[in-house]
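This report concerns only the one structure given below.
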Amino acid sequence: MSIQITFPDGNVKSFEQAPTGLEIATGISPGLAKKAVVVKVNGDLWDLSRPIDRDAKFEIVTRDKPEALEVIRHDAAHVLAQAVQELFPGTQITFGPSTDVGFYYDFARAEPFTEADLETIEQRMRNIVKRDLPIVREVWSHDDAVKHFEKAGESFKAEWIREGIQADETLTIYKQGDAWLDMCLGPHLPSTGRVGTAFKLTRVGGAYWRGDANNAQLQRIYGLAFANDDDLKAHLKMVEEAEKRDHRKLAKQLDLFHQQEEAPGMVFWHPKGWAIWQAVEQYVRKVYKKSGYKEVRGPQIMDVSLWKKSGHWDNYQDNMFFTESEKRTYAIKPMNCPGHVQIYNAGLHSYRDLPIRYAEFGGCHRNEPSGALHGIMRVRAFTQDDGHIFCTEAQIESEVTAFHQQAMQVYADFGFTNLDIKLALRPEKRLGDDATWDRAEDALRAALRAAGVDSWTELAGEGAFYGPKIEYHLKDSIGRAWQVGTMQVDFMMPERLDAHYIDEHSQRQRPVMLHRAIVGSMERFIGILIEHHAGALPYWLAPVQVVVAPIVSDADGYSDEVAAALSTAGVRVETDLRNEKINYKIREHSLQKVPVIVVVGRKEAEEKTVTLRRLGTERQETMSLADAITQLTVQ
RNA sequence: GCCGAGAUAGCUCAGUCGGUAGAGCAACUGAUUCGUAAUCAGUAGGUCGGAGGUUCGAUUCCUCUUCUCGGCACCA
């Protein structure tokens with residue numbers, strides 16, 4: 001019987017015996033065979049060396065395709081594993097997948113890998129690539145595989161086969177040369193030589209076996225891998241540039257804030273950093289007002305009994321701060337919602353009043369694990385642009401839709417257009433019954449659709465204990481994603497804290513509570529803002545918008561006049577009257593990312609004009625002071 | 001929290017195979033008044049993260065501890 005292979009262009013070719021992808025490719029052209037990485041057989045990725053034993057739609061995936069890159073990276077991980085085991089006998093292998101930019105592999109070894117080891121390992125990897133070992137796919141039985149790995153002292157692999165793989169699942173083994181193998185789904189390259197040279201080990205870190213902190217601690221070695229050297233070089237360059245945008249570095253350079261040992265995970269805002277905060281806060285306050293929120297303020301500490309009632313104590317006591325006075329224990333608030341419910345409960349509400357929307361720049365403290373702290377992105381004391389909407393179930397969809405549209409506008413105003421939207425669904429540890437969760441989750445889906453969102457990622461098990469949530473994520477300079485905004489449907493808290501309204505039949509009803517934030521944590525958002533703009537914030541957010549710099553001291557008086565006029569017009573302006581050359585001042589304020597430098601010399605002083613120089617250009621523009629004020633206030 | 005690395009002047013960093021530290025920039029003082037990315041000269045500045053130990057002697061070696069960084073776990 002013959003095998004029919006259908007090519008992407010519709011051509012069909014029949015073979016007497018099952019051909020391998022490599023054979024077919026060679027038949028077309030040796031050049032193609034060389035560039036081939038894997039093949040697509042009826043849509044699935046197969047090894048080049050695997051015989052195609054059925055009629056199939058066939059496609060060759062060459063090195064430059066995205067799917068190929070994944071295979072190259074995955075192979076690099078295997079080459080890494082072999083290199084480590086050759087160099088450090090007794091080290092156990094576990095898992096090693098490809099990542100967005102490369103690969104990693106987790107190893108079990110008592111001794112830690114050092115930076116120096118990484119170089120040695122990388123050299124050995126290059127050696128294995130040079131050896132061009134054939135990579136061969138084999139199908140093994142479960143028993144054989146378990147026996148093999150147990151005999152080899154690979155207890156992690158053996159455990160995974162026993163517990164992680166169904167007995168009727170096909171179990172594939174990939175041999176890399178004669179002496180090394182790993183269990184893996186594949187597909188892989190036909191030989192190690194095809195990995196190429198564009199890889200580099202970057203760092204070693206910790207990881208837990210099967211991602212669980214109760215399990216053994218493994219060592220993870222990370223590497224980069226690309227299809228060619230130019231791509232790798234370009235990526236390294238990009239990382240180098242990104243590191244310069246780090247908000248922690250820029251905060252020092254631009255004198256925005258600092259953190260110190262006595263207050264881990266907390267922020268000391270300096271005048272310039274606080275000016276950014278104020279600009280963001282005033283903007284958000286306008287949004288509150290425009291979208292129907294009333295700003296409120298709850299107390300910073302409340303009796304622990306309230307947190308027991310709300311359910312926070314059960315779920316988060318280890319991450320809460322407490323304080324005591326006169327034999328009472330108070331919790332320092334980790335969230336604003338119970339406070340807002342108290343404000344809601346202080347009065348009687350008719351169905352006609354709903355939705356009621358409260359907002360607060362709510363300062364919260366959470367005792368985050370020390371290892372989680374990260375600059376001002378993850379802190380122990382932060383301020384949320386928090387809001388709570390008390391409404392009926394029928395009002396959820398329109399509230400969520402309106403919120404979404406408002407949120408997207410806010411992000412755009414700050415310069416963000418690339419948001420990741422996620423829907424976090426019911427966690428294992430939760431309040432309420434499944435029917436309630438079904439309604440809450442569906443309400444969020446419906447609202448997203450109504451807002452015109454066509455794609456989002458659903459995260460099973462990641463919701464809050466009281467309800468599901470939409471999450472808005474932004475990326476920092478080195479590609480780490482951070483949650484900023486959120487919208488959460490909550491049927492539980494009103495019940496727990498006994499909130500109600502009176503319906504049209506004079507009956508008491510439970511309102512639904514929506515928890516929402518757009519920037520999320522002010523600290524985190526400002527951190528991302530700094531990185532996104534590389535410190536050069538847009539004019540309306542810049543801590544110092546204008547510096548007036550005289551060329552000669554004769555112009556000092558006029559500089560003060562100009563600055564006073566701008567300040568009166570609401571511009572954040574400073575003067576630089578130091579006895580320095582204008583070049584020096586230009587350089588310094590440019591490095592400080594001041595958007596506009598106003599230079600005044602004798603000429604300007606006489607003619608009552610100013611010369612503007614905007615950040616990022618060398619162009620000079622002379623105009624009357626009045627014109628300058630107009631220009632610098634409308635932006 | 002766990003694994004690993006680190007902490008030296010305001011900042012960026014060098015250094016001491018154990019004999020109590022140095023540069024550049026910033027700061028301060030003086031001179032210079034110079035039209036768009038660094039004017040010159042001088043001065044001052046550090047119990048080398050904290051505690052304990054070994055030692056005649058510790059910033060250096062050891063232990064503990066705090067914080068930071070990278071990774072993982074966590075993230076209401």
Side-chain angles (χ1 to χ4, degrees), chain A residues 104 106 109 111-115 202-222 246 248-249 252-253 255 258-265 307 310-316 318-320 333-338 364 366-375 377-380 382 384 424 427 429-431 462-467 469 471 478 482-483 486 488 490 493 515 520-521 524 549-556 579-592 597-604 611-613 615 617-620 622:
Chain A
Y104 67 78
D106 289 346
R109 176 177 181 242
E111 286 283 297
F113 291 113
T114 64
E115 291 292 315
T202 50
R203 57 173 56 105
V204 50
Y208 295 107
W209 169 237
R210 293 165 82 164
D212 187 336
N214 298 310
N215 289 343
Q217 175 94 47
L218 307 172
Q219 295 185 68
R220 176 171 296 179
I221 296 178
Y222 282 92
D246 190 309
R248 294 165 297 191
K249 205 174 260 186
K252 262 184 205 161
Q253 284 166 14
D255 193 19
H258 85 272
Q259 298 177 277
Q260 68 187 43
E261 244 181 80
E262 289 81 357
W307 302 98
S310 70
H312 289 95
W313 197 83
D314 283 340
N315 283 279
Y316 292 106
D318 289 345
N319 296 308
M320 288 165 71
K333 81 174 143 116
M335 287 191 88
N336 307 300
C337 37
C364 295
R366 295 180 186 173
N367 195 4
E368 303 283 9
S370 55
L373 302 179
H374 180 94
M377 302 287 207
R378 185 84 183 269
V379 286
R380 290 194 175 133
F382 59 97
Q384 289 175 312
K429 211 171 153 192
R430 60 177 183 260
L431 303 175
E462 307 238 325
F465 71 89
Y466 50 73
K469 52 179 179 165
E471 296 178 1
I478 57 170
W482 297 93
Q483 181 187 310
T486 184
Q488 314 178 358
D490 180 0
M493 207 60 59
H515 308 242
S521 146
R524 173 178 295 178
I551 293 167
V552 291
S553 51
D554 286 352
D556 284 2
N579 179 11
E580 295 289 352
K581 290 169 103 171
I582 194 64
N583 281 319
Y584 182 92
K585 296 181 186 177
I586 297 278
R587 175 181 157 78
E588 191 159 289
H589 301 301
S590 298
L591 288 173
Q592 285 295 306
I597 301 172
V598 171
V599 177
V600 295
R602 289 204 180 89
K603 212 175 86 198
E604 284 84 355
T611 301
L612 264 55
R613 180 192 164 116
L615 187 61
T617 144
E618 289 173 18
R619 205 161 50 86
Q620 301 170 33
T622 303

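Hydrogens, waters and symmetry mates are skipped; everything else that's a heavy atom, side chains included, is used. What you see is a predicted model, and the numbers here were worked out from it, not measured in a lab. Numbers restart at 1 for each chain; the letters A, B, ... are given by sequence-line order, proteins then strands.
- Distances from the side chain of A:L591 to the nucleotides B:rU39, B:rA37, B:rU36 place B:rA37 closest.
- The CD-P distance, from A:E471 to B:rA76, rounds to 7 Å in whole Å.
- Nucleotides B:rC40 and B:rU33 place their P atoms 15 Å apart, quoted to the nearest Å.
- Comparing the C1' positions of B:rG15 and B:rA58 gives an interatomic distance of 16 Å, to the nearest angstrom.
- Between B:rA23 and B:rA5, the distance separating the two C1' atoms is 26 Å to the nearest Å.
- Backbone-only engagement by A:K469 is indicated by non-hydrogen atom pairs under 4.0 Å involving sugar-phosphate atoms exclusively.
- Nucleotides B:rC69 and B:rU12 have their P atoms positioned 13 Å apart, rounded to a whole Å.
- When distances run from any side-chain atom of A:R587 to the nucleotides B:rU39, B:rA37, B:rA76, the shortest one goes to B:rA37.
- Heavy-atom nearest nucleotides on RNA chain B were determined for A:K252 and for A:E618, and the one closer to the 5' end corresponds to A:K252.
- With RNA chain B read from its 5' end, the first of the two nearest nucleotides for A:R602 and A:R248 is the one closest to A:R602.
- A:I586 has its CD1 atom 12 Å from the P atom of B:rU39, to the nearest Å.
- Distance from the side chain of A:N583 is smallest for B:rU36 among the nucleotides B:rA76, B:rU68, B:rU36.
- Distance check on atom C1': B:rC3 versus B:rC25 gives 37 Å, rounded to whole Å.
- Considering every non-hydrogen atom in both A:I597 and A:S590, the closest pair reads CD1-OG, 4.0 Å.
- In this structure, A:H258 places its NE2 atom 16 Å from C1' of B:rA7, rounding to the nearest Å.
- Contact of A:R613 with B:rA37 (side chain to base): a donor-acceptor pair of N or O atoms is detected under 3.5 Å.
- In this structure, the nucleotide among B:rU36, B:rG35, B:rC75 sitting nearest to the side chain of A:R366 is B:rC75.
- Using atom C1' as the reference point in both B:rG52 and B:rC11, the two lie 32 Å apart (nearest Å).
- We find that OH of A:Y584 is positioned 11 Å from P of B:rC40, with the value rounded to whole Å.
- Rounded to a whole Å, the CG atom of A:D318 is 13 Å from the C1' atom of B:rA76.
- Atom pair A:D255:CG and B:rA26:C1' shows a separation of 12 Å (rounding to whole Å applied).
- No donor-acceptor pair closer than 3.5 Å links the side chain of A:R378 to the backbone N or O of A:L373.
- Residue A:G375 is classed as a sugar-phosphate contact, given heavy-atom separations below 4.0 Å to backbone atoms only.
- One C1' atom belongs to B:rU60, the other to B:rC48, and the distance between them is 10 Å to the nearest Å.
- Considering only heavy atoms from C-beta on, A:S370 comes within 4.5 Å of A:R380 through its side chain.
- Looking at A:Y208, its side chain comes within 3.5 Å of the base of B:rG1 through a donor and an acceptor atom.
- Of the P atoms belonging to B:rU16 and B:rA76, the separation is 48 Å, rounded to the nearest Å.
- Note: CD (A:E588) to C1' (B:rU36) measures 15 Å, nearest angstrom.
- On a pure distance criterion of 3.5 Å, a polar donor-acceptor pair joins the side chain of A:E604 and the base of B:rG35.
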If pairs are Watson-Crick or G-U with both distances under 3.5 Å, what is the dot-bracket string of RNA chain B, marking crossing pairs with [ ] and pairs to another strand with |?
(((((((..((((.....[..)))).(((((.......))))).....(((((..]....))))))))))))....
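- Here B:rC2 is the nucleotide among B:rA37, B:rA76, B:rC2 with the atom lying nearest to any side-chain atom of A:Q217.
- Interface remark: the A:R378 side chain does form a donor-acceptor pair with the B:rC74 base, using a distance-only criterion of under 3.5 Å.
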